[in-house]
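Scroll down for the structure; my scribbles are underneath it.
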Amino acid sequence: MGDGDFVAFIMMPVKRKFDAVIVGGGGAGLRAALQLSGSGLQVAVVSKVFPTRSHTVSAQGGITAALGNVTPDNWHWHMYDTVKGSDYLGDQDAIEFMCRHAAEAVIELEHMGLPFSRLDNGRIYQRPFGGQSMNYGGAQATRTCAAADRTGHALLHTLHQQNLKARTHFFDEYFALDLLRDADGYVLGVTALCIETGAPLVIEARATLLATGGAGRIFRYSTNAHINTGDGLGMVLRAGLALQDMEFWQFHPTGLPGSGSLITEGVRGEGGYLVNNRGERFMERYAPHAKDLAGRDVVARAVALEIHAGRGCGPHGDTIHLKLDHLGAALIKDKLPGIRELALRFAGVDPIDEPIPIVPTAHYMMGGIPTNLHGQVVMPARFGPEEPVPGLYAVGECACVSVHGANRLGGNSLLDLVVFGRAAGNHIIETLRENPFARLLPESAAEGALTRLERWNKTGAGENVADLRLTLQTLMQRHCGVFRTEVLMREGIAALDILQTRLEGVRLADHSQVFNTARIEALELENLFVVARATLVSALARTESRGAHARDDYPERDDDHWLKHTLYTSENDQIDTKPVRLKPLTVEPFLPKERTY
Amino acid sequence: MRFSIYRYDPEQDAKPHMQVYDLDIDPAGNMLLDALLMIKDTLDSTLTLRRSCREGVCGSDGMNINGSNGLACITPLADLKQPVEVRPLPGLPVIRDLVVDMTPLNQQYRSVEPWLNNADPAPEIERLQSPEQRAQMDGLVECIQCGCCSSACPSFWWNPDKFVGPAGLLAAYRFIADSRDQTSDRRLDNLQDPYRLFRCHGIMNCVTVCPKGLNPTAAIGKMKTLLVKRGA
Ligand SMILES: Cc1cc2nc3c(=O)[nH]c(=O)nc-3n(C[C@H](O)[C@H](O)[C@H](O)COP(=O)(O)OP(=O)(O)OC[C@H]3O[C@@H](n4cnc5c(N)ncnc54)[C@H](O)[C@@H]3O)c2cc1C
Ligand code: SF4
Ligand code: SF4
Ligand code: FES
């Protein structure tokens, strides 16, 4: 395709109009879409992959709701656990909303056909997870509803099926580029790129919902799918809006190097333990009582410290060994067959004879696009810190409502998707009913996105996307991983500044319009860069340790100064803060206490 | 390791060709997907394929590997004879390189109305289902719609518009097997013609290639029996 053709595109991309456009076909996007399609609105779901390829499909353990099918339970206890798990950074109104609506949201999924595992009495199977208690911190609760160890797969396919039934309009394999806005800041849709044909497209809508998922690929070692590149976050930052609490990333202590596949905590539950290159069982030093079964954040941090101190294993000294050969072949084959298969497959070691190399692995992004409990994106403005951005919504891992605060509990993410997906859908329906007319889309609204796209048409020699991506991921793993200090992070930002200038020199070798994945990877890289910067700058600003954000130079939680959310905007790398919502909707607040388990 | 990979970009190429790549990669612990991405990252960024989860659950990277359909991300390099020949899934239109047009599969999937139908008023709690009833769906709900099966099925190659194909039929049976669904009859009606179900000749290619170890032929057999029983 010659330059002339491209100019023609810039002037006149094809336009489509819907009542609402949803960017993202994972659990969050599909739950919201269903609400809208069911109400008779015209809704488009834009997804860069066929919806059932979204990352939600990988979730294993389950979705939390106080159904009480196994142990006595109620949503108040679930709320308490979630507030405490968040290290008191979660907004208690949103947490109350989520826990209060959890049971009906899960029952609704069952009615849609989700093939949950069952108890003997025919009710939904539930399993215990970490951080779940009865009676506000009492005995272990059993709260996670599961479809075998494939809950995310079951959930995503069910929601996709229901959307097919509701005739939701899908733009499968379309890559969203940027938000469309007018001079008053109203969001009027998105620009997108058809991956198959390379043609840009303008999708106008009276409501735009971002459900683009996580961004775990900013790190070298991540349990996340390749597609988790934080595109929605990039769109928001480029629109001049803020991201909230981006310093909070959950690291799982035991992921496989390279592939990043998860090695369950169950291995340590069965008696496996971690050793450094001297064969020392180092967790005895960090957590004399709980040792290898200390909290996830504690173990992840210890592993990072050992590697950093030069006691890492392997040819590059960049892993730690998870030893289980002492458990014997019989136990491993009987209790941990899946793990053995994973280790054989992805690490080339048989844990019966050899230790499994592991590294702390980025797993979940607690921060994201700030929203209220209707999924409306909120920003500081004239009348307060949380004014809705007209026309814009966000739900799911890309959003920060904030129910997970500084640390997410297992099973609460899938819940977050469906509870707030539905709530956002309902709010959009009401808003559209009250505002039946579309605002005028300015002629120039798509210009920024199209210019950005055109930049990748430049030919000639230059650096390549894959090299920069790897450098960026390695930088983030080293300078903003589990182990953070001011010096380390300042070095990280300086290195990122240099890398940023190199980004301008990147050139594509692939200029085909047909299914050009090289170009998609370049656009994703731009998003990875801004998300990485937001993470580093926010992490540097927060001079305390809370939940997943652990700083060596500020090891204590500091409620006097930091019981508040950070807000990052790209211009001048600005950090603002806003208060945590400590007041629930109806119940008494849970006041911050020391967090011990 | 040596790879021979199917290349076709409709913008540049009059017809497809095979391209050879020599890659310095340790087969131990690496999957075919790792090799393909390494080729894309270090040798040739124009190589085009789909991928997402890289652990065999999303169904993105079905392809034909040394003559047999499978998922690149869970196919160990160590098991592959060299040169490793990689082609797009057969029987589907090629968009570019290893990327095929999945529309025929998606249309057939839609055609079996893959969603639960139950007209009773929704109870306040879950619809009860015993573990035994739930077990009827084992081996059905695990499908990841990768298309490896249908694209290995000769009946589907010849009649992609009329024969539902193993992936779609497995989905059809998943709802018939679900004790909560009330429309088994309608689902069977929907399959009752010489093509939609009965074009399956039990060749079992689908079973051989399914990367999740599922058995579409068995599901197809059960539906044929049901149709015969009710006097088809
Ligand atoms: C290994 C693993 C196991 C997990 N297990 C659990 C569990 O047991 N329980 C639990 O509660 N949580 C679990 N989680 C977390 C949970 O799975 C995720 O947080 C959740 O699925 C995210 O859903 P989502 O809908 O927000 O986004 P996703 O499912 O990631 O979907 C994002 C969507 O956005 C689309 N998209 C993104 N960018 C663009 C763009 N530029 N243009 C167009 N479309 C775009 C994608 O195509 C995709 O459809 C797990 C996470 C991992 C990594
Ligand atoms: S039955 Fe198996 S091969 Fe066929 S689509 Fe499903 S998972 Fe893929
Ligand atoms: S058994 Fe039937 S569906 Fe499977 S490959 Fe053979 S003809 Fe196709
Ligand atoms: S990349 Fe998801 S199945 Fe292979």
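Lettering of chains follows the sequences in order, A, B, ..., and the numbering in each one begins at 1. Atom set for the values below is all heavy atoms of this structure, side chains included, hydrogens, waters and symmetry mates excluded.
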Exercise. Do you know which of A/Ser259, A/Ala154, A/Gly113, A/Gly348 has the most heavy-atom pairs under 4.5 Å to chain B?
Worked result: A/Gly113
For this session: Using a cut-off of under 4.5 Å on heavy-atom pairs, state which of A/Leu109, A/Asp120, A/Asn464 scores highest against chain B.
Result: A/Asp120
Looking only at non-hydrogen atoms, find the nearest pair between [X] and [Y] and report the distance.
X	Y	value
B/Ser45	A/Asp510	O-OD2, 4.2 Å
B/Asp41	A/Glu521	OD1-OE1, 4.3 Å
A/His111	B/Glu126	NE2-CA, 4.0 Å
B/Leu128	A/Arg123	CD2-CG, 3.7 Å
A/Thr52	B/Gln145	CG2-NE2, 4.3 Å
A/Thr517	B/Leu47	OG1-O, 4.2 Å

Exercise. Of all the residues in residues 106-119 of chain B, which have a heavy atom that comes within less than 4.5 Å of a heavy atom in chain A?
Worked result: B/Asn106, B/Tyr109, B/Arg110, B/Pro114, B/Trp115, B/Leu116, B/Asn117
Exercise. What parts of residues 13-20 of chain B touch chain A if we use heavy atoms and a cut-off under 4.5 Å?
Worked result: none
Exercise. Restricting to pairs with a member in residues 47-60 of chain A, which pass salt bridge (charged side-chain N to carboxylate O under 4.0 Å, His left out), not counting sequence neighbours?
Worked result: A/Lys48-A/Asp231, A/Lys48-A/Glu524
Exercise. Sequence neighbours excluded, which residues qualify as side chain to side chain donor-acceptor pair (under 3.5 Å) partners of A/Asn228?
Worked result: A/Asn224
